[in-house]
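Bear in mind the structure is a predicted one, so any value in this text is a computation, not a measurement. In what follows, every chain begins at residue 1, and chains take the letters A, B, ... in the order their sequences are listed.
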Amino acid sequence: MIYWMSRDQRVRDNWALLYAQHMAVRQGAPLAVIFCLVPDFLGASIRQYGFMLKGLRQVEKALQANNIPFYLLVGSPPNEIVRFINKFRISSVVTDFDPLRVKTLWKHEVLEKIDIPLFEVDAHNIVPCWVASSKQEYGAYTLRPKIKKLLPFYLDEFPKLKSHPVDWRGPATKISWDRLASSLLIDTSVPEITWLEPGEQAARQLLARFVAGGLKHYVNDRNDPTLSGQSNLSPYLHFGQLSAQRAALAIAGASVPAAIKDAMLEELIVRRELADNFCHYNPSYDTFDAFPDWAKKTLNAHRRDRREFIYSRDVLEQGETHDPLWNAAQHEMVRRGKMHGYLRMYWGKKLLEWTRSPEEALQFALYLNDRYELDGRDPNGYAGIAWSIGGVHDRAWSERPIFGKIRYMSYNGCRSKFNVDKYVADTMNL
DNA sequence: ATCGGCTCGCGCAA
DNA sequence: TGCGCGAAGCCGAT
């Protein structure tokens, strides 16, 4: 029995791993965990690889302590996984669910080449994506009641991983982590970040600190980029170093007013599951085609509108527009690998305003997001960008140039909500 | 400081 | 068929 680990890179609170062990124990079979590194994964840089590899190092250790070997393969996942299955005469495979096209493709390629069962476990969401809804949802308001109904059943405590009772028969593995990082063909021009400690242990510590401290200010502070009101858990959630279910359990059990819990759980559960729902049921999630009809129509009607500012990708990447707030948000992302959640919306809206077409806006947004954000290439990012530029999960608003009926956001609006000058000054000092 | 209108379509009640 | 209301707003009137 193997667990092909991919999206959920942790040992604790991992339903895919727990399920694999459960079945292995029932069959009296040994268990191993396999991770396949792709040398050039969708333009990921050392910033993302570094964070991930440090987390995987801890995965290896924690698995060893449970008598489960960890294999790190390098190459094309379908080829490597199939080769491993044949070499070790594996009887069945468990893998974690990921709605992105590339993972779906790998999964199907593996399925074509093996004649053993492959089980897919949604270890990322609390209510499994395909259980929560069987179609693309129109907005949070259509998904929310479905999730709420199922939550009492799914939001429960995890069993503990056992020390695996059956020894693995293969040769002992020795991963040379230090050599590995330098052998990959990774873009090193985007440096690693140092303000956040990678790995599931650090993730759980941050969660505990947040629940004991920042959570009570969350509702008031989260939309003010000059305050540290956000949880900063998203990089851990993205790499699966933290289970959303673990975070939800911690928040549900916190001693703060119900309104605060609800707001945080809304973010952690409904919006994350909505993003997975979007990517899972709409494979065009990163294109104009994924926008709702009313949005396509209105954006098409405004294609020829005069644009006062048009910036090249390079000028945007350097953060050299006329708008100090936008430049600061871009700078924050480049330096820290994480842009404040509220500003991600403003940042995306302005890309629509300052580029030649919605397609170009989308292309620039995805390029910059995936290059600099620690949590790039995540359904949350795709859904967020589609919301900003294409009205996904949103509704129509007053028609105006370029945007048509897509919701607009303005510099003055930000000024009325938070201290823009302070944010710009603080951020440019990073 | 606060309020209403803007504007689309889903899902449910009837 | 009608109606309420929604992922974070904007703008102008009061």
Side-chain angles (χ1 to χ4, degrees), chain A residues 132-149 217-227 229-231 234 237 244 259-260 262-279 281-282 285 290-302 305 308 323 325-326 329 338-353 365 369 375 378-420 423:
Chain A
S133 172
S134 54
K135 59 169 186 143
Q136 186 185 341
E137 292 294 334
Y138 193 77
Y141 74 99
T142 59
L143 181 62
R144 190 177 298 114
K146 299 180 181 179
I147 300 260
K148 286 262 161 80
K149 209 173 73 197
H217 307 294
Y218 178 74
V219 172
N220 281 334
D221 294 0
R222 66 176 156 164
N223 281 347
D224 186 337
T226 66
L227 306 172
Q230 297 204 307
S231 68
S234 71
L237 291 166
I260 291 176
D262 289 350
M264 185 71 205
L265 290 172
E266 167 81 11
E267 188 103 356
L268 190 63
I269 304 174
V270 177
R271 297 195 190 165
R272 291 183 62 260
E273 299 226 4
L274 184 63
D276 263 34
N277 171 278
F278 173 58
C279 293
Y281 291 112
N282 195 334
Y285 51 80
F291 299 168
D293 287 340
W294 66 265
K296 284 186 206 166
K297 213 166 114 189
T298 193
L299 285 171
N300 281 333
H302 288 270
D305 289 1
E308 189 179 352
D323 177 345
L325 174 57
W326 194 93
K338 189 169 183 299
M339 190 189 298
H340 190 277
Y342 187 82
L343 286 171
R344 287 190 190 200
M345 299 187 285
Y346 179 76
W347 177 87
K349 295 287 182 194
K350 294 297 141 183
L351 286 172
L352 174 58
E353 191 172 349
N369 182 72
D375 59 0
D378 189 280
N380 282 309
Y382 295 119
I385 288 168
W387 178 88
S388 289
I389 297 170
V392 168
H393 302 147
D394 205 3
R395 68 205 248 206
W397 297 89
S398 307
E399 197 160 10
R400 58 179 297 133
I402 307 173
F403 285 78
K405 293 169 183 173
I406 302 288
R407 182 196 299 259
Y408 180 65
M409 287 178 78
S410 71
Y411 180 79
N412 285 335
C414 289
R415 280 206 98 92
S416 71
K417 288 184 182 70
F418 62 91
N419 186 338
V420 168
Y423 171 75

Quantified in whole Å, what is the P atom distance between nucleotide B:dG4 and nucleotide C:dC5?
-> 14 Å

Scan side-chain atoms only and decide if A:D224 and A:T226 contain a donor-acceptor pair under the 3.5 Å cut-off.
-> yes

What distance, rounded to whole Å, do you find between the two P atoms, one in B:dG5 and one in C:dG4?
-> 14 Å

A:L352 atom CG is separated from C:dC10 atom C1', nearest whole Å, by 16 Å

Taking only side-chain nitrogens and oxygens of A:Y138, does any of them come within less than 4.0 Å of OP1 or OP2 of C:dC5?
-> no

Between C:dG12 and B:dT7, how far apart are the P atoms? Round to whole Å, please.
-> 15 Å

Close side-chain approach of A:Y346 to A:S388, heavy-atom, < 4.5 Å = no

With respect to the phosphate group of B:dC8, does any side-chain polar atom (N or O) of A:K405 fall under 4.0 Å of OP1 or OP2?
-> yes

Kindly state whether the ring of A:H393 and the ring of A:F278 have centres lying under 6.0 angstrom apart.
-> yes

Which of C:dC10, C:dA7, B:dG11 is nearest the side chain of A:W387? It is C:dA7

Whole Å only: how far is the NE2 atom of A:H393 from the C1' atom of C:dG9?
-> 19 Å

C:dA8 -> Watson-Crick or G-U wobble partner, both distances under 3.5 Å, gives none

Roughly, in whole Å, what's the span from CG in A:L143 to P in B:dG11?
-> 11 Å

Should the ring pair A:F418 and A:Y423 be called parallel, tilted or perpendicular, given that the plane angle runs from 0 to 90° and is split at 30 and 60?
-> perpendicular

In Watson-Crick or G-U wobble terms, with both distances under 3.5 Å, the base opposite B:dT7 is none

State which of B:dG11, C:dA8, C:dG9 makes the closest approach to the side chain of A:S398.
-> C:dG9

From C:dG6, C:dC10, B:dC10, pick the nucleotide closest to the side chain of A:R400?
-> C:dC10

Report the distance from atom CZ of A:R144 to atom P of C:dG6, rounded to the nearest whole Å.
-> 8 Å

Looking only at side-chain N and O atoms, does A:K417 come under 4.0 Å of OP1 or OP2 in C:dC10?
-> yes

For A:N282 and A:Q136, does a side-chain donor sit closer than 3.5 Å to a side-chain acceptor?
-> yes

Under 4.0 Å between a side-chain N or O of A:K135 and OP1 or OP2 of B:dC10?
-> no

